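Read the structure below first, then the notes.
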2 protein chains.
Amino acid sequence: MRGKADSDLVRRQNRRVVLEALRFDGPAPRVELGRKTGLSPATITSITMQLIQDGAVIELDDIASLSDGAKRGRPTVLLGLNPDAAFTVAVKISIGMLEFALADFAGIIRERVEVPIATYEMLPEIFSRRLVSETQRFIVSTRVDLNQIAQINVAAQGVADTRSGLIAWSPAFKERGVPVVGPLEEAFNIPCTLANDANMIAEGLIARRKLDFSGTTAAVFLGYGIGMGLVIDGAVYHGATGAGAEFGHMNHVPSGALCRCGRAGCLEAYASDYGILRSAKNLPDNTPPPPHAVDSQVMAELEAAARGGDKDAIAAFQKAGRAIGFGLARMIALLNPDRIVLAGAGTRALDLIEPSLRAAIDEGVVAELRNNLKIETLPVGKDMIIGGTIDAGMRRLDSEVYAIGPALPVEAKKELLA
Amino acid sequence: MRGKADSDLVRRQNRRVVLEALRFDGPAPRVELGRKTGLSPATITSITMQLIQDGAVIELDDIASLSDGAKRGRPTVLLGLNPDAAFTVAVKISIGMLEFALADFAGIIRERVEVPIATYEMLPEIFSRRLVSETQRFIVSTRVDLNQIAQINVAAQGVADTRSGLIAWSPAFKERGVPVVGPLEEAFNIPCTLANDANMIAEGLIARRKLDFSGTTAAVFLGYGIGMGLVIDGAVYHGATGAGAEFGHMNHVPSGALCRCGRAGCLEAYASDYGILRSAKNLPDNTPPPPHAVDSQVMAELEAAARGGDKDAIAAFQKAGRAIGFGLARMIALLNPDRIVLAGAGTRALDLIEPSLRAAIDEGVVAELRNNLKIETLPVGKDMIIGGTIDAGMRRLDSEVYAIGPALPVEAKKELLA
DNA sequence: AAATTAATTTTGGCGTCCAAAATAATCTTG
DNA sequence: CAAGATTATTTTGGACGCCAAAATTAATTT
């Protein structure tokens with residue numbers, strides 16, 4: 001249970017509530033903020049006055065007049081997040097690619113760059129140096145002053161250890177233990193975070209209210225790999241080291257098929273693109289996975305073949321569905337979630353995998369536990385990784401910096417995030 | 001994110017903090033409450049004054065003088081929870097047995113009764129009626145007035161659906177869907193809860209600070225069945241229907257050994273007492289489990305045989321360890337817990353199962369996820385189910401009734417819990 | 001230009017907390 | 001044994017948060 005409370009806590013909480021209202025619904029006049037937050041007009045005046053002074057919020061009076069027709073009474077004064085309050089750099093590390101984005105405090109992406117890099121064969125420290133230099137290059141290219149940047153947030157595939165700031169294991173690298181947070185913080189002296197890409201997608205879904213996230217939601221991302229974002233009571237569950245919900249590397253069959261991660265029997269070895277392809281080609285289970293993403297064209301052809309009646313292809317998708325289904329059944333037994341959401345490129349083949357997936361769930365879990373369970377699908381673009389990373393960064397700024405206190409120089413804000 | 005905050009919230013939170021301090025550490029003078037909670041003496045005076053007026057707290061001045069030797073200065077006034085503030089009835093439903101306990105507001109058990117009942121063959125509604133009549137008999141026997149009883153809390157083995165108040169499935173019953181909360185609330189008009197027994201053990205462990213429960217802890221109970229209590233950020237995780245952490249019925253092997261729950265391949269079918277016994281006797285996997293608990297003497301003999309070198313017995317314990325290990329590996333991949341705690345009667349055979357258990361974890365989960373993982377064992381008595389049920393009830397009273405507000409008649413307190 | 005309308009700000013009151021001063025209840029000491 | 005000394009608790013006074021209601025502001029309507 002949390003500790004004692006005082007009036008400081010009250011103000012902090014209410015500042016956060018106001019910021020959240022502005023962030024989610026966009027600019028709004030004070031009256032409306034009052035309605036949305038349940039705070040009295042007097043309090044809204046007081047809080048927004050502070051937030052304006054702190055530079056987090058600005059008045060946008062002009063746009064107000066654009067509203068429909070002429071209205072009686074004193075006109076509203078539109079308030080919005082101040083885009084220039086602080087900037088956030090988001091980085092996405094994936095196989096063969098580095099992606100950078102610069103977002104302002106309103107969460108708008110100002111600049112965006114993709115840098116192809118041969119990640120796989122790189123030694124960890126070589127990569128770390130390259131990451132720093134590319135980040136440097138990107139920041140310079142944006143012409144934003146370094147001390148206007150409040151945070152650098154990195155998303156990576158695989159086991160991203162938020163605590164140590166290392167990528168413990170990732171399909172993007174042959175080697176294990178790639179340092180990310182350390183080198184960046186040292187180079188730029190800006191707070192930096194590392195997180196798993198699936199969790200960042202989940203952050204994005206929450207921030208954009210794409211789903212009802214009350215209770216427990218398990219979002220499963222199917223595609224080149226198999227990821228999961230676990231949302232418990234409206235917050236992404238990260239686990240001890242931030243590597244929670246490694247659904248793809250949950251064991252499916254003891255001593256089973258060879259996985260990219262080097263172990264045998266992972267779910268992913270049966271249900272990811274390469275796993276499906278391997279079964280469809282009737283290659284032995286211990287065939288090493290390719291060190292690169294399967295071309296989506298190849299998967300599309302395989303799907304077409306299955307739909308056209310190709311026995312091997314059909315069997316491969318069924319096998320994938322069964323693996324996912326048993327994985328979900330085990331997850332359900334453990335977590336009894338309110339809903340499961342399927343997303344990602346792999347859902348294109350949902351018609352092929354769903355029957356065996358559902359059959360496996362039915363076989364693998366007590367009926368009572370799946371009674372009220374909802375299984376939905378959700379279209380999720382690739383951009384949700386960068387987008388969600390930015391959303392998570394904004395939430396951090398809101399609650400850990402701007403909800404806290406009085407006007408501070410950006411330097412001090414960095415302190416708070418560190 | 002939580003909504004707006006006000007001074008009401010502050011007082012509520014601080015009242016709760018004070019009650020918690022008294023509940024965990026026992027009676028204490030005001031100065032000490034101040035030290036423990038971080039609240040100022042002035043605030044402690046104010047809060048305790050209210051709590052005393054509300055009947056939740058009383059002064060216990062006499063005992064203070066019993067402390068060691070004579071001290072200078074104004075003597076402290078010991079404050080403690082008022083035992084008579086409200087009473088709680090805890091009920092434990094297990095195979096062939098109903099257990100009742102009456103606890104006062106200090107959490108002390110005042111009365112305790114065990115009632116043998118042939119649960120297994122009973123039809124649900126017959127059992128419900130019997131549950132009500134036995135509860136009635138118990139309450140009468142305690143001579144506590146019905147309207148002094150604030151809540152009735154029931155713990156049961158199996159899938160206990162807190163939302164519907166039904167025991168969805170339990171080894172104690174042949175039939176499914178046994179109503180518990182409905183009949184009790186109707187009969188007594190007192191708020192009633194239903195929960196899984198393993199979760200109640202976890203509540204007890206938390207309340208008594210038996211472990212560091214920061215982050216995520218998975219407590220596994222080995223014995224006649226296999227249970228789990230999942231503690232996330234200091235609170236027991238219940239899942240959508242309160243049936244979270246059904247670890248024993250997590251699938252281990254698709255289409256595997258027959259389980260008591262009627263399905264095939266559950267972890268419990270390999271690792272519970274009867275599962276181990278079945279393998280040791282080389283009975284086929286589809287041999288129906290016995291409808292009663294395995295005698296602990298039988299298990300002790302089996303353990304002795306294994307330690308004496310009996311091949312079949314050794315293999316049976318190894319198989320159990322491997323099943324638990326893979327189950328834990330899957331749980332780790334999903335939840336990345338900070339620590340795992342093994343408890344229950346089954347841990348007597350830990351020497352026999354641990355090697356294969358650890359080997360299975362090593363085989364089933366990425367090394368990086370188990371790096372900082374701690375696996376501990378903890379002695380947990382049978383009484384922890386009733387004890388934990390009471391602890392959970394006390395926490396509910398503290399935070400949902402006495403933290404809230406001004407003096408209320410017991411009737412109104414019941415309202416709050418409902 | 002006056003009346004109306006509606007947003008925002010100001011004022012005054014209440015509740016909470018805390019620091020500091022006052023009070024209470026005991027022990028120590030000359 | 002009375003005057004400190006010491007420590008616990010209560011009281012007092014001030015700060016800050018919230019809200020309701022009154023006042024003010026800035027527009028439209030009449």
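Bear in mind the structure is a predicted one, so any value in this text is a computation, not a measurement. Labels below follow one simple rule: chain letters A, B, ... track the order of the sequence lines, proteins then strands, and each chain is numbered from 1.
One end of the helix from C/dA1-D/dT30 to C/dG30-D/dC1 points its axis 30° away from the other end's axis, with each axis taken from 5 pairs and the angle rounded to 10°.
The salt bridge (charged side-chain N to carboxylate O under 4.0 Å, His left out) test applied to B/Arg339 returns B/Asp212, not counting sequence neighbours. Considering only residues two or more places apart in sequence or on other chains, A/Phe105 meets the ring pair (Phe, Tyr, Trp, His ring centres under 6.0 Å) condition with A/Tyr402. Listed by chain and residue number, B/Asp8, B/Leu9 satisfy the side chain to side chain contact (heavy atoms under 4.5 Å, CB included) test with B/Asp6 (two or more places apart in sequence, or in another chain). Judged as a side chain to side chain donor-acceptor pair (under 3.5 Å), and not counting sequence neighbours, A/Glu111 has no contacts. Residues satisfying the side chain to side chain donor-acceptor pair (under 3.5 Å) test with B/Asn153, not counting sequence neighbours, are B/Gln151, B/Thr193, B/Arg396. Not a single side chain to side chain donor-acceptor pair (under 3.5 Å) links B/Asn82 to another residue, sequence neighbours left out. Under the side chain to side chain contact (heavy atoms under 4.5 Å, CB included) criterion, B/Asp338 pairs with A/Arg163, A/Ala240, B/Thr216, not counting sequence neighbours. For B/Arg12, there are no side chain to side chain donor-acceptor pair (under 3.5 Å) partners at least two apart in sequence or on another chain. Residues passing the salt bridge (charged side-chain N to carboxylate O under 4.0 Å, His left out) test with A/Lys36 are A/Asp25, A/Glu32, sequence neighbours excluded.
For the side chain to side chain contact (heavy atoms under 4.5 Å, CB included) test with B/Pro27, the passing option among B/Leu78, B/Leu79, B/Ile58, B/Leu81 is B/Leu78; the others fail.
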- Nucleotide by nucleotide, nucleotides 16-26 of chain C touches protein heavy atoms under 4.0 Å in the pattern (B base, S sugar-phosphate only, - none) SSBB----BBB

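Scanning residues 26-35 of chain A for heavy-atom distances under 4.0 Å to DNA chain D yields an empty list.
Spacing between atom CG of B/Leu78 and atom C1' of D/dT7 amounts to 16 Å, rounded to whole angstrom units. Rounded to a whole Å, the CG atom of B/Leu9 is 16 Å from the C1' atom of D/dC16. What separates CD of B/Gln13 from C1' of C/dG15 is a distance of 17 Å, to the nearest Å. A straight line from CE of A/Met49 to P of D/dG17 spans 12 Å, rounded to a whole angstrom.
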